[in-house]
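In what follows, residues are counted from 1 in the order of the sequence shown. Values reported hereafter were calculated over all heavy atoms of this structure, with side chains retained and with hydrogens, waters and symmetry mates removed.
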Amino acid sequence: MTAFSPNIRSFKNDQSGTALIELAVVLPILLAISLGVFEFGNAIYGRHLIENGVRDAARYAAGLKSSIADGDVKCIALTGGIQGGNCTPGTSPSCTTTCRVAWWNNASTITVTPTPVPNGPTSCGTTQCYRGPDPIMLVTVSTDVPYAGLGFLGYFGLSNLTMHVQHEERLYGIR
């Protein structure tokens, strides 16, 4: 051991290479945090676009006078417009450039539900709820979309992330 003593003392005082060792320790942690922030931002942005689509579809459905056309409502949710019947339930529209979110392209994940709600003093206590017909018709558009991310969230145990989005509007039927 005495033969190595001078070499050990020289390593003790030598500071060259410490920056490389610090980089090797910190870089994986910094990279994981950066990629996690990017992935989480991508998921939030996708959910925001899905919320806008569901809200637009519910507003469109609320303005229809006749029966609600599921295909058109679902198409508005997915693409932002009526695509001539390409969004019928169970089919996927051509969403290479038209879908709001590239990984949300199946119309069968969207449900459109008209619901009658009682209107009057019995349903709202002593105050009058709304001057209008009894019952009030509400239309609810909802979807459950599995997040097809970049795969980085799987390292944190969040690989099965499902986004539930719902919007409800009163059916007023002016179109």
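- Residues passing the side chain to side chain contact (heavy atoms under 4.5 Å, CB included) test with A58, sequence neighbours excluded: V141, H167, E169.
- Put simply, CG on N42 and CZ on F40 are 11.5 Å apart, with the number rounded to the nearest 0.5 Å.
- Smallest separation of non-hydrogen atoms from K74 and A107: CD-O, 3.4 Å.
- D144 approaches P146 most closely through the heavy-atom pair O-CD, 3.8 Å.
- Closest of all the heavy-atom pairs between A57 and V73 is CB-O, 3.3 Å.
- The salt bridge (charged side-chain N to carboxylate O under 4.0 Å, His left out) analysis of residues 23-32, with sequence neighbours excluded, yields no pairs.
- Partners of T109 by side-chain hydrogen bond (donor to acceptor under 3.5 Å, both in side chains), not counting sequence neighbours, listed by chain and number: W104, T143.
- Distance check, rounded to the nearest 0.5 Å: CZ of R100 to CG of L78 gives 8.5 Å.
- Legend: residues meeting side-chain hydrogen bond (donor to acceptor under 3.5 Å, both in side chains) with T140, ordered by chain and number and at least two apart, are E168.
- L35 meets the side chain to side chain contact (heavy atoms under 4.5 Å, CB included) test with L31, F152; sequence neighbours excluded.
- Take T113 and apply the side-chain hydrogen bond (donor to acceptor under 3.5 Å, both in side chains) test, not counting sequence neighbours, and it matches no residue.
- Cluster partners of L27, using a side-chain heavy-atom cutoff of under 4.5 Å among ILVMFWY residues and allowing indirect links, are L23.
- Inter-residue side-chain proximity for I50 and V101 is flagged as met; some heavy-atom pair is nearer than 4.5 Å.
- The minimum heavy-atom distance linking Y147 with E39 is given by the pair OH-OE2, 2.9 Å.
- With sequence neighbours excluded, no residue satisfies salt bridge (charged side-chain N to carboxylate O under 4.0 Å, His left out) with R55.
- Annotation for M137 and P114: closest pair CE-CB, 4.1 Å, computed over non-hydrogen atoms.
- Here E51 pairs with R47 under the salt bridge (charged side-chain N to carboxylate O under 4.0 Å, His left out) rule; sequence neighbours left out.
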